[in-house]
Each structure stands twice: as structure tokens, then as C-alpha cells.
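Let me begin by presenting the structure, written as C-alpha cells, before commenting on it.
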Amino acid sequence: MDEKEKQLDKLDVFASTQKVIKKALDKLGYPNEMYELMKEPIRMLTVRIPVRMDDGSTKIFTGFRAQHNDAVGPTKGGVRFHPNVTEKEVKALSIWMSLKAGIVDLPYGGGKGGIICDPRQMSFRELERLSRGYVRAISQIVGPTKDIPAPDAFTNSQIMAWMLDEYSRIREFDSPGFITGKPIVLGGSHGRESATANGVTICIKEAAKKKGLNLEDARVIIQGFGNAGSFLAKFLHDAGALVVGISDAYGALYDPEGLDIEYLLDRRDSFGTVTKLFKETMTNEELLEQECDILVPAASENQITEDNAHQIKASIVVEAANGPTTIEGTNILTERDILLVPDVLASAGGVTVSYFEWVQNNQGYYWTEAEVERKLEAVMIQAFDSTYHLARSRKVDMRLAAYMVGVRKMAEASRFRGWI
Ligand code: NAD
């Protein structure tokens, strides 16, 4: 590999996920065959979806569905609509879903889907036709006991409702457990929309206890002000923390005295953009290096790398986004004794409440928001504790510990089934 290829390899989330899985399986004493099984999804479907556009033309979209491993149970994971979706990204995300399901001990393997499209350039009805077309294209391999989709980047409860309706028409019966993240009236769960941020908040509280930090005195920076970042800003602000920095794709705001979170929440648009309203902003790169106690990347991949990890001032980094820290970034944070709560643990609240939604659909009996939150808290604290203790007892970093916890059940189930 030449220098340029080495650089690209470091930023390749799929390659880095495979590396950590290999390390986790080696540490747990599994043979290489187990890694060969787990390094790729067991099933990967690519589909072409013709959609009649509003101007009468037909556009053909490409979509994917990856199912990583179904030894434990049906696969589960979101569908993203984004121009930058790639097959590789969908594969990596399906592996992360397996790890998350393992960490919070759900009876699922990981799945993920995506469509290459720009929903910001599409009308409401075009989005409906695309969502229905995707379900028709993947209907053979999904279902409430096979593979259960959910929302992800740029998909929401309306899109889940169209997908549910299309699936129910194909199967000729109502099947609410086919998909999660639905509107409440169609069998959605209370607390689903804010579940990821809720789970991240629980991890932040647990991490603060370990570091002897009082959340009410803590200064927090949140990168990204979308679904995850904005709910998180609200929860932390409500918990008494001082949110000193936030950002979106266009810039960042920082005030050591604390930002006016209520104003920012009120003014953000549905894509999580708010900094355009301000004249004085800084770059996202600058924001990550500002003074704070807790840093939460909640935007995109490869934000903390070997180039900036030495400059991070926080004593706790909690990854709400998927893949925001490279392997080299992780090593530097760990060496500097910064407590890193990795993505596969911190952002597992979303899939946990999706699981609660599916359980409620299966039993036809629905829980209150308080019940959902209580159950989520118990699951997240248990997951945090097992990862933290494994990291300490095996003297490994938090990411490797989370992968070890996440992969163990799936590996055991694959072994019991006689696959390996
Ligand atoms: P979103 O699309 O709602 O919001 C993304 C936010 O990040 C927006 O404010 C956007 O302006 C900002 N952003 C984009 N690129 C940026 C950049 N380079 N620098 C700074 N800000 C940038 O997305 P979301 O649902 O909030 O998800 C954010 C991250 O959290 C993603 O990595 C996602 O995979 C992960 N995540 C989200 C959920 C969930 O339930 N929403 C669950 C698990 C993981």
C-alpha cells in the first residue's frame, strides 16, 4: 500500500470495523473461521427501483439491503435515503447493528438498507413512490420474523408508514411488526423518536459518574444538530449541563457561558441547520478542540482522527454518531485517559426502543412513555456496565470491549447452530 492508500484505509469505516471485529474474536478465543463468517453480511441484495416522477419521466434508483448475521434472530436495522449511500457503507452499518443488538442483548442480528437518492430534491409523492418501490423490491427477504427495517438518515415515521402499508398490501394482512419507527397510530412506540438521544444521555450520566464529574457542572459540546444532536442538547440542558458548543454542516457556535439552547431548538430547520442564522461562527474542526468536559460527536464519520485527537480537551467523549473516531483517534484518546463511550454502545438506544416497539406489536399491548424510558434506562446501564468492566478486567480500550460484548452472543449462537 502506498501512503495515499494507507490514508484512505484509515478512513474506511468498513475496513476499520472488520479490524476491530477480528481483534475482538481473537481476544475471545474464536478460530479464524468465525471471523470469516462475520467479516461480511451473510446476505446483500442490490435492487433497481423505477419511480414515476411528478413530471411524468421515470427515474431508476439503486437500493441495498444487507443482513449481517441471523444466528440470534431476525436481522434489524434502518434504511437511509442519501446521495452518498454506497454498498460498502450499508454493509458496515449492518455489522454495527449486529454489534449494537449484541451489546444491549436483543434477540436480533444486524441489518441495514439504503437508497441512493437526494430526498431534499424530491416531492412528497415521489418519496412515497420510492419508499413503496423499495419495499416491493426487497419484500422477499424482509418481514417481522426475517428482517425488520426502521428509520435512519433522512427517513422518518411517514416513510415507515408508507413502507408498512406497501408490505401489508403485498402480504394481504396488517403486519405492524414488519417495521419500527412508525407513527404511534400505526403501532409505533412512545419514546422512539428521542430514543437514541435518551440512550446517549444515559451513557453520559454513567460515564460522568466514573469520572467523578457532576453533570450539572459539566460543559458539553455537541457536533451535529439533527435528530440525535438536537434531542441530546435538550436532554442535557434539561439535566442542568451547560451546552457550550453545537454545530451543523455549515459551521459551529461556541460560547463558554453556555448557548441559548431553547432558542436554537426553536430556530433549527428540519435538516438540523441553525448556524446559518449567525454571523460569528467557527468551523467544525475548531469546535472539536474547544474547552469542554464532555464532547459528543453526533454528525458523521471520521471526525476525531490522529490529526486532532491530541487537541481534544474533553475528559469524556461519547459517540452518538456512527463511526466518528478512527482507530488511531481511539488509540490516542485512550492513551490520554479520555473515557470514550463508543458508537455501538452509546447509540444503541434507538434499536432498543425499536425492539420495544416490535415486542408491543407482537403482543398487541402498548406501554406508556414512562414504561419505555424505565426499560431503556435499565438496558443501557447494564450495557454500559458490562462494557466498562470488560474494558477494565481485560485491559482493552472501550471500543474493543464493546465489540467483544457485541460479538459474543452472535458467535455463540453461530457455534450452537453448527455453522462454525
Ligand atoms: P440528521 O441528518 O438528523 O442530522 C445530522 C446533523 O449533522 C445535522 O445537523 C447536519 O447539519 C450535521 N452535519 C452533517 N455533516 C456534518 C459535518 N461534517 N460536521 C458537522 N455537522 C454535520 O442525522 P441524525 O439522525 O441526527 O444522525 C447523526 C448521526 O447519529 C449519524 O452518524 C447517525 O448514523 C447516528 N445515529 C442516529 C440515530 C438516530 O436515531 N437518529 C441512531 C443511531 C445513530
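All residue numbers refer to positions in the sequence shown, counting from 1. We count ligands from 1, going down the list as the structure has it; atoms in each ligand are counted the same way.
- Taking only nitrogen or oxygen atoms, main chain and side chain alike, Lys100 does not reach within less than 3.5 Å of ligand 1.
- Counting the atoms of ligand 1 from 1 in the order shown, those under 4.0 Å from a heavy atom of Arg80 are 34 (O).
- Two residues are said to be in side-chain contact when any heavy atoms from C-beta on lie closer than 4.5 Å; Thr75 and Asn69 fail this criterion.
- Looking only at protein heavy atoms, the nearest one to atom 23 (O) of ligand 1 is Asn227 N, 4.4 Å.
- Considering backbone and side-chain atoms alike, Phe225 places an N or O below 3.5 Å from some N or O of ligand 1.
- Counting heavy atoms only, Ala299 comes closest to atom 31 (C) of ligand 1 of the residues Gly181, Ala299, Ser300, Gly272.
- Between Phe14 and Ile95 the shortest side-chain heavy-atom distance falls below 4.5 Å.
- Residues Lys88 and Asp12 are paired through a salt bridge, judged by an N-O separation under 4.0 Å between the basic side chain and the carboxylate.
- Here's the thing with Asn322: one of its N/O atoms is less than 3.5 angstrom from an N/O atom of ligand 1.
- Looking at Thr334, its side chain does come within 3.5 Å of a backbone N or O of Thr330 through a donor-acceptor pair.
- A donor and an acceptor atom, one from each side chain of Tyr167 and Trp162, are nowhere located under 3.5 Å apart.
- Across Asp248, Thr273, Thr196, Ile246, heavy-atom proximity to atom 40 (O) of ligand 1 is greatest for Thr196.
- Ion pairing between Asp165 and Lys182 fails under the 4.0 Å rule for side-chain N and carboxylate O.
- Shown in contact with Gln223 at under 4.0 Å from a heavy atom are these atoms of ligand 1, numbered in order with element: 19 (N), 20 (C).
- At a 4.0 Å cut-off, at least one heavy atom of Phe271 sits close enough to ligand 1 to count as contact.
- Looking at Ser347, Ala228, Pro297, Ala320 and measuring to atom 35 (C) of ligand 1, the nearest heavy atom belongs to Ala320.
- Looking at ligand 1, you won't find any N or O of Gly229 less than 3.5 Å from one of its N or O atoms.
- What sits closest to atom 2 (O) of ligand 1 on the protein, heavy atoms only, is Phe154 CE2, 4.1 Å.
- There is a side-chain donor-acceptor pair under 3.5 Å between Ser354 and Arg192.
- By heavy-atom distance, the residue among Ala298, Ala346, Ala249 lying nearest atom 16 (C) of ligand 1 is Ala249.
- Ligand-side atoms of ligand 1 in range of Asn284: 19 (N), 20 (C), range being under 4.0 angstrom from any heavy atom.
- Closest to atom 1 (P) of ligand 1 by heavy atom, among Gly224, Gly226, Pro151, is Gly226.
- A donor atom on one side chain and an acceptor atom on the other are found under 3.5 Å apart for Tyr388 and Arg392.
- Between Val104 and Met380 the shortest side-chain heavy-atom distance falls below 4.5 Å.
- Salt bridge status for Glu128 with Arg125: present, with a side-chain N to carboxylate O gap under 4.0 Å.
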